[in-house]
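This report concerns only the one structure given below.
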Amino acid sequence: MILVVTEKNDAAQQIARLLSESGKPKADKVYNTPIYRFRKGGEDWVTIGLRGHIMQPDFPPELKFDPQEGWYGLTAEGEHLPADVPDGLARPPFATKRKPFLADGVDIKGWKIPSLPYLVWAPIEKLPAEKEIIRSLKNLAKKADSVIIGTDFDREGELIGSDALKQILSVAPDVNVSRARYSAFTKAEIDHAFDNLVALDQDLADAGESRQHIDLIWGAVLTRYLTCVRFGGLGNTRSAGRVQTPTLALVVERERERMAFVPEDYWVLSGEATHADSDPFRITHATARFTDHDAAEKAYGHVRDAKTATVRAVTRKSRRVNPPVPFNTTSMQAAAAAEGISPARAMRLAESLYMDGLISYPRVDNTVYPSSLDLRECVRTLSSVPQFAPTCKALLGQGTLHATRGKQETTDHPPIYPTGAANPDNLQPAEWKLYNLIARRFLATLMGPATIEGTKVELDVAGEPFVATGNVLAVPGFRAIYPYGLKKDDQLPELNEGDVCDVTSMALDAKQTEPPARYSQGKLIQEMEKRGLGTKSTRASIIQRLYDVKYLKNDPAEPSKLGMAIIDALTSYAPRITTPEMTAELEGDMTKVAEGVDTQAQVVDHSRALLAGMMDGLIDHKDDLSEAIADAVTADAKIGVCPKCGRDLVVKTSAKTRGSFAGCMGWPDCDVTYPLPKGRIEPIEGEAGVCPECGAPRVKVHPFRNRPYETCINPACPTNREPDIVVGECAACKAAGRHGDLVAHKSEKSGKRFIRCTNYDECGTSYPLPQRGELHATGETCPECGAPIVEVVTQRGPWRICVNMDCPSREKKAAASTRGARGVRGAAGRSKAAGRSGAAGRSGASTSRRKKA
DNA sequence: GCAAGGTC
């Protein structure tokens, strides 16, 4: 039997299909791993797909995080191994004990602990990361006569193959081994690769392993340093790494530019005009921006009372806009980001669409469709989606299909294109949104250019030159199916030289120049690619990580004070980690290892020595850094000033409930606390951040998937008071022969809104209420349960609800909302109702979504 | 409960 090992299941399946004589390999499983069996040349063949790396490098167990003791490191002050002598590489003599050792024996809580500088020189082990796969692989290897390593044709692929091979040789030391190198899943390419087998390139694999070790050492040492420098490793992880830190530095650098930016004043002189009852159009002075105030005022003086504008010249120019090129991972992530889907989320959604057979493999650099891809067939497939049917029909009516080509051409996978017709009812809204984008992009790459008709009209207003511009999509071309990022038409009326227009308004506006914009997540992805940071598969998750450790916030990306402090600290004492140069130099070193000029040990030890040299500065200045980080964390948590004592009010986490609240930094001297509304809290700078009524902070609240609003955080503040509303009569009291009113109150302590009976002590009737929106009594009672029905007016419009949580009408509503949530109006109120009413509605929906998987 | 790189 001949065993073929590939990097992923997808590749195992494709290779089996292309190599098998029947063209129909048999899908099977070893343990839980899919494999593909087929016959070729009178032999039995089996292909198995790994899941990327099956081994994971790590430090020995005694140097890892300990759940009781945390991470150590800085406690061993000043303990350095010499930077140039990697003696510490030998496993130290403490190996027999669970707890690690320090040369000079520093005791902490009775344990001897290692110094952080020691970690720089610590040995690295390789541990199984995919035990199931390894078990399956070994099982097959025992039965194999020969093994062909068919992992991806790149450095990481060679390493993945080398790791797999070691596992195979451990159970089948005498098996025949070779390597197939292919870069496209075409019959010709795969046949050629398997007819011309080569040997595995151990130097290339070693280069990959060097990369792993250097990333681990630098990442672990600096992360432990930053995490432990303040509270000995308790609390949040503060990470650093070869890719994430330079990425953070990009965002911080842009923020510093913004902070250093000095806005300049300028003035815009513009107004509106009409011609022969046309819609009004904007006219702007030919000097688009006056930087001289006097000149602006002078021009304004001439035209302020002008009633007419005379057309001096009309020029028309049409612009051709070419259709976009096919999607690769980066351009897809950027386009999705522009539609409000973060790159990390886009990859999760794409993975799911790929697994459902709706799009092609989502991790590609390629932007050129291979000639083997049947474009016409793809269009035919899409034509069964009603939204795309007219476009598909038009395309199929053409003689031949011409596709655009991007600059990057690789042959391992095709660009991202739709492989199946999706039904929006079977997808989550975000999945459909991404699929729709991918499908429309695909169709757009097959269509003609759009033509935009541009018109420039020069006018004379009381001797001052003015212009009006119009842009109209004259020939839609690809824009008919691909409206993303399309500007709205600004239409001018038909104007000719000599026409006299009526000026209806004129104004001089004072403006200021804007600082450079922050990076959107899409732009950040593109900037990373440009600077060689990360890969198509890692960039999205690395940006996500920066958000998770709270170095970044908001979108466009804004660094937190902590993020800025981290960059400051590392720029001072470990500058190498803060720039893309480390990646660039690493690439050079990797090439040397791959070429056999340097060994893995030489390159890694050299990198260790560079890091060791930086430990001096980091440890000497640990108190400064500790303070800077602590100040930054406090500044990030600050939401305002305590109205009682004037100290900072910060977001704190309750130890009991794990919920967050606002508390005074002066505690326990000052006991001011407030509950916090649900959602992300953004402080408001300056005077607007102090409530004029009660002096407590006003904040901007960003509720999950709802529009942000501003509020005073003091629930007892007059600005938060709501009048009590009688919403109905208490049914329980009526049944008991007395009268009780159901009244909607707002608690001054918690700020929560609820309904309570005026005879609460006797009947105990109370109902919760929606916390957001304006509340109205309807006077109606629920036909199902008799409880009052209230109306809530939110930004999305009014809706009505029975206040009884256990009412059967709520169950129905929940079921309806999970079905209808994919519509235009995915109302918060409905999804809330679905959430509260328990599993029925939700689990039903999730099974229907999963049924294909 | 450390990185970045694969992939699910």
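Every chain is numbered from 1 and lettered A, B, ... according to where its sequence line falls, protein lines coming before strand lines.
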Residues in contact with DNA chain B, drawn from residues 524-533 of chain A - heavy-atom cutoff 4.0 Å: none
So which nucleotide from dT7(B), dG5(B), dA3(B) ends up closest to the side chain of Y361(A)? dT7(B)
As an exercise, state the distance from CD1 of I359(A) to CG of L353(A), rounded to the nearest 0.5 Å. 5.0 Å
If I take atom CZ from residue R181(A) and atom CG from residue D154(A), how far apart are they, to the nearest 0.5 angstrom? 10.0 Å
Nucleotide dA3(B), atom P - distance to CD1 of I566(A) in whole Å: 12 Å
Strictly below 4.0 Å: does S537(A) bring a side-chain N or O up to OP1 or OP2 of dG6(B)? yes
Atom pair CG/CG of L248(A) and L552(A) - distance to nearest 0.5 Å: 5.5 Å
Can you see if the side chain of R363(A) gets near the phosphate of dT7(B) - specifically, an N or O under 4.0 Å from OP1 or OP2? yes
Are the charged groups of E156(A) and R211(A) less than 4.0 angstrom apart, N to O? yes
What residues, two or more places apart in sequence or in another chain, satisfy salt bridge (Lys or Arg N to Asp or Glu O under 4.0 Å) together with K536(A)? D365(A)
Looking at E587(A) and R155(A), does any basic side-chain N land under 4.0 Å from a carboxylate oxygen? yes
State which of dC8(B), dA3(B), dA4(B) makes the closest approach to the side chain of T223(A). dA3(B)
By the 4.0 Å heavy-atom rule, please label P57(A) as base, sugar-phosphate, or nothing. base
Taking the basic N atoms (NZ, or NE/NH1/NH2) and the acidic carboxylate oxygens, is any pair closer than 4.0 Å for D605(A) and R608(A)? yes
Whole-Å distance between dA3(B) C1' and I543(A) CD1? 16 Å
Interatomic distance where CG belongs to L127(A) and P belongs to dG6(B) [whole Å]: 20 Å
Sugar-phosphate only, base, or nothing, as touched by G49(A) at under 4.0 Å among non-hydrogen atoms: nothing
For dA3(B), take OP1 and OP2 only and decide whether either is under 4.0 Å from a side-chain N or O of R224(A). no
Rounded interatomic separation in angstrom, taking CG from D163(A) and C1' from dG5(B): 12 Å
Identify, residue by residue, the members of residues 4-17 of chain A with a heavy atom below 4.0 Å from DNA chain B, and return them in order of residue number, or none. E7(A), K8(A), N9(A)
At under 4.0 Å between heavy atoms, what does R242(A) touch on the DNA or RNA strands: base, sugar-phosphate, or nothing? sugar-phosphate
Atom-to-atom span, CD of Q56(A) to P of dG1(B) - whole angstrom: 13 Å
Given dG5(B), dA3(B), dC8(B), the nucleotide with the shortest approach to the side chain of V243(A): dG5(B)
Starting from P on dG5(B), measure out to CD1 on I214(A) and report it in whole angstrom. 13 Å
Assign I542(A) to base, sugar-phosphate, or nothing according to its heavy-atom contacts below 4.0 angstrom with the strands shown. sugar-phosphate
Within the structure, does a side-chain N or O atom of Q244(A) lie under 4.0 Å from either OP1 or OP2 of dA3(B)? yes
Determine, using ring centers only, whether Y354(A) and Y361(A) are less than 6.0 Å apart. yes
Could you tell me which non-hydrogen atom of M590(A) sits nearest to which non-hydrogen atom of S210(A), and how far apart they are? CE-CB, 3.8 Å
Is any side-chain nitrogen or oxygen of T227(A) closer than 4.0 Å to OP1 or OP2 of dC2(B)? no
Could you check whether any side-chain N or O of D636(A) sits under 3.5 Å from a backbone N or O of K561(A), counting only pairs where one atom can act as donor and the other as acceptor? yes
Tell me whether the OP1 or OP2 atom of dG5(B) has a side-chain N or O from T538(A) closer than 4.0 Å. yes
Atom CH2 of W218(A) to atom P of dG5(B): distance rounded to whole Å? 16 Å
DNA chain B: 5'-proximal contact among H413(A) and A240(A) (nearest heavy atom): A240(A)
If I take atom CZ in residue F59(A) and atom P in nucleotide dA3(B), what distance separates them, rounded to the nearest angstrom? 11 Å
Going by heavy atoms in the side chains, are P57(A) and E209(A) under 4.5 Å from each other? no
OP1 or OP2 of dC2(B) less than 4.0 angstrom from a side-chain nitrogen or oxygen of Y225(A), does that happen here? no
Looking across every strand, which nucleic acid part, if any, lies under 4.0 Å from G219(A) by heavy atom: base, sugar-phosphate, or nothing? sugar-phosphate
N/O (side chain, T151(A)) to phosphate O (OP1/OP2, dG6(B)) under 4.0 Å: no
